[in-house]
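All figures in this text were calculated on a predicted structure; none of them were measured in a lab. Worth knowing before you read on, the calculation uses all heavy atoms, side chains too, and leaves out hydrogens, waters and symmetry mates.
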Amino acid sequence: MGAVVRCESVQGVSETPMRTLQYRSDGPEDAPVLILGAALGTTWHMWDRQIPDLTRQWRVLRFDLPGHGGSPAHAVSSIAELADRLVATLDALGVERFGYAGCDIGGAVGAQLALTRPHRVTSLALVSSSPRYGTADAWRQRGVVIRTNGLDPIARTAPEHWFTPGFAGAQTAIVEWAVQMVRTTDPGCYIAACEALAAYDVRSSLGRVGVPTLVVVGAEDQVTPTTDARALVAGIPDASLALIPGTSHLAPVEQPAAVSELLIRHFSTAWHDKPGPPALGAAAPKPQIAPPMPTHAPPAIESGLSQPAQVRGGTYEQGIKVRREVLGDAHVDRVEAGTDDFNADFHDFITRYAWGETWTRPGLDRRTRSVITLTALVARGHREELALHTRAALRNGLTPVEIREILLHTAVYCGVPAANSAFAVAQKVIQEETTPEG
């Protein structure tokens, strides 16, 4: 089970094995349980100012993400795994039914629970949340920046993403608290959370959320803007929207009283303390509201293929998935946009055999495959592909120092002129990819 970390709480001691989460419990032991999920880069303390009001009616249980606060650095690979760890924690506490409110990635966990364990969730509040957080490219790019520069650049820019300028200027102590929260987060766990958010997309599943849901968004939130909140409300059958004026992303911190009032009103009136439908059961969708089409669908490729669609089985779909994860959505979207009858078979060939069969083989991890690919491209002088795969290598977890060592090694075996050209290409790409925004 791994090492155990003890964390003092109001009600006792939270023990945190590897497969559960560190938690804090406040409020009456015999009251209904309300779970609060924190945002990426924060700790359970982001909910501190809600606790006095919420504990009048509920036993409030807050949890820290892996590597956040004092939580052990046992990284998760997906939002589903994070939800599983929370459920394991609740099982250990004997908590069967609960209300759930989550902010940012905490909201993603709540939506995941409502979809996969609807019999346990009584009602749901999604604060500063989205059915798909930004783009996969942006999240993986953030991981590249952190591997190169650490968390300090993310920490320094957190206040401008989390708070309105007026609040940040007036509340300097809270701004410094926010910066320190991010700085003290485990980088590996933060990167893993970025990867989990890159893969998270429940847009087509929202119609199966079968519990009353409150969606809360700050009117000035640029991280999860009001369009994301409206997408949640449009897709969830029993959902309502609450817009908080003059508020940015970390609404529970910037407007604690308003958020507390909204949560109390919602959970007091929409607490369905009856077993829900079985996990993965279908809830009736809202009339005339269709889930948004996935952005990754490749109609251009399909229209140009000479082979029937049924021939393109699992390896093609698997190849598209891996190709997007390694090369990025933007690159694959450009390729698909440029696919026609002349080159469709070639792109289908690459997707199935290079990405669907070779890159997915279990014998080597993606880091090692990137090392091999970079070396081969240097040897053959394929500079354009080298730039593409330098970006891919950074996404696959190689650091600029490791890429430098690879290229230095190729100077011995591939020749100094080839390595000289490769250094010029890689240096430009690394500077572009690892320079923090702002």
Side-chain angles (χ1 to χ4, degrees), residues 40-41 67 75 77-78 133-157 182 185-200 319-335 350 354-355 358-360 364-380 382-411 414 418-438:
L40 178 61
S77 60
S78 66
Y133 294 77
T135 66
D137 283 356
W139 285 112
R140 295 191 174 106
Q141 168 71 18
R142 186 180 294 194
V144 170
V145 170
I146 295 169
R147 287 190 193 97
T148 307
N149 304 284
L151 274 168
D152 188 65
I154 305 297
R156 285 187 283 106
T157 59
V182 180
T185 299
D186 177 79
C189 287
Y190 193 106
I191 292 170
C194 290
E195 291 289 340
L197 286 170
Y200 178 80
I320 281 289
K321 179 178 182 294
V322 174
R323 195 178 187 187
R324 286 186 176 279
E325 290 172 355
V326 174
L327 299 182
D329 288 334
H331 170 77
V332 177
D333 288 343
R334 285 194 299 271
V335 170
I350 292 173
W355 297 103
T358 303
W359 273 84
T360 56
L364 297 174
D365 60 25
R366 289 186 187 176
R367 282 172 50 90
T368 305
R369 293 190 185 278
S370 278
V371 173
I372 297 169
T373 304
L374 291 178
T375 305
L377 293 173
V378 172
R380 300 296 296 175
H382 299 307
R383 298 183 64 173
E384 185 174 341
E385 289 286 313
L386 179 63
L388 180 66
H389 277 277
T390 299
R391 289 188 174 89
L394 291 168
R395 290 170 176 273
N396 284 341
L398 290 173
T399 65
V401 171
E402 290 171 322
I403 293 174
R404 181 190 67 195
E405 290 301 316
I406 293 166
L407 299 184
L408 185 62
H409 201 77
T410 63
C414 302
N420 185 52
S421 297
F423 265 103
V425 171
Q427 183 179 32
K428 183 175 184 295
V429 170
I430 289 170
Q431 287 175 345
E432 293 173 353
E433 293 295 307
T434 62
T435 301
E437 294 182 3

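Between K321 and T360 the shortest side-chain heavy-atom distance does not fall below 4.5 Å. Between I430 and R404 there is no side-chain heavy-atom pair separated by less than 4.5 Å. Side chains of R147 and L398 form no contact here, defined as non-hydrogen atoms less than 4.5 Å apart. Contact check for L364 versus I372: side-chain heavy atoms found under the 4.5 Å cut-off. Side chains of N149 and P436 form a contact here, defined as non-hydrogen atoms less than 4.5 Å apart. Under the 4.5 Å side-chain criterion, counting only non-hydrogen atoms from C-beta, R140 is in contact with E325. Side-chain contact check for P153 versus I146: every heavy-atom pair is 4.5 Å or farther apart.
Evaluation of the ring-ring contact (aromatic ring centres under 6.0 Å, His included) rule for W359 yields W355 as partners, not counting sequence neighbours. Legend: residues meeting side-chain contact (heavy atoms from CB on, under 4.5 Å) with S78, ordered by chain and number and at least two apart, are A80, E81. For the ring-ring contact (aromatic ring centres under 6.0 Å, His included) test, no residue two or more places apart in sequence or in another chain qualifies with F423. Take D186 and apply the salt bridge (Lys or Arg N to Asp or Glu O under 4.0 Å) test, not counting sequence neighbours, and it matches no residue. In this structure, N420 has no side-chain contact (heavy atoms from CB on, under 4.5 Å) partners at least two apart in sequence or on a different chain.
For the atom pair CG of D329 and CZ of R334, the computed distance is 11.0 Å after rounding to the nearest 0.5 Å. Interatomic distance, OG1 of T135 versus CD of Q141, reported as 9.5 Å (0.5 Å rounding). Between the OG atom in S370 and the CG atom in D365 there is a gap of 9.0 Å [rounded to 0.5 Å]. Distance CG/D137 to NE2/H331: 11.0 Å, rounded to 0.5 Å. Here the CD atom belonging to Q427 is positioned 10.5 Å from the CG atom belonging to L407, to the nearest 0.5 angstrom. Taken from CZ in R142 to CD1 in I191, the straight-line distance is 11.5 Å, to the nearest 0.5 Å.
Using a distance-only test at 3.5 Å, with no hydrogens or angles considered, no donor-acceptor pair links the side chain of N396 to the main chain of V326.
When all heavy atoms are compared, the tightest approach of V182 to L151 is O-CD1, 3.5 Å. The minimum heavy-atom distance linking T434 with P400 is given by the pair CG2-CG, 4.2 Å. Of all heavy-atom pairs between A424 and R383, the closest is CB-NH2, 4.4 Å. The shortest non-hydrogen separation linking I403 to A426 is CG2-CB, 4.5 Å. Pairing each heavy atom of W139 with each of Y133, the nearest pair is NE1-O, 2.5 Å.
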Name every donor-acceptor pair, under 3.5 Å, that has one atom in a side chain of residues 385-393 and the other anywhere in the protein, sequence neighbours excluded.
{"residue": "T390", "atom": "OG1", "partner": "L386", "partner atom": "O", "Å": "2.7"}
{"residue": "R391", "atom": "NE", "partner": "E433", "partner atom": "OE2", "Å": "3.1"}
{"residue": "R391", "atom": "NH2", "partner": "E432", "partner atom": "OE1", "Å": "2.5"}

Step by step, work out the side-chain contact (heavy atoms from CB on, under 4.5 Å) result for V322 and R366.
CA-CA 10 Å; V322 174; R366 289 186 187 176; 3.8 Å; yes
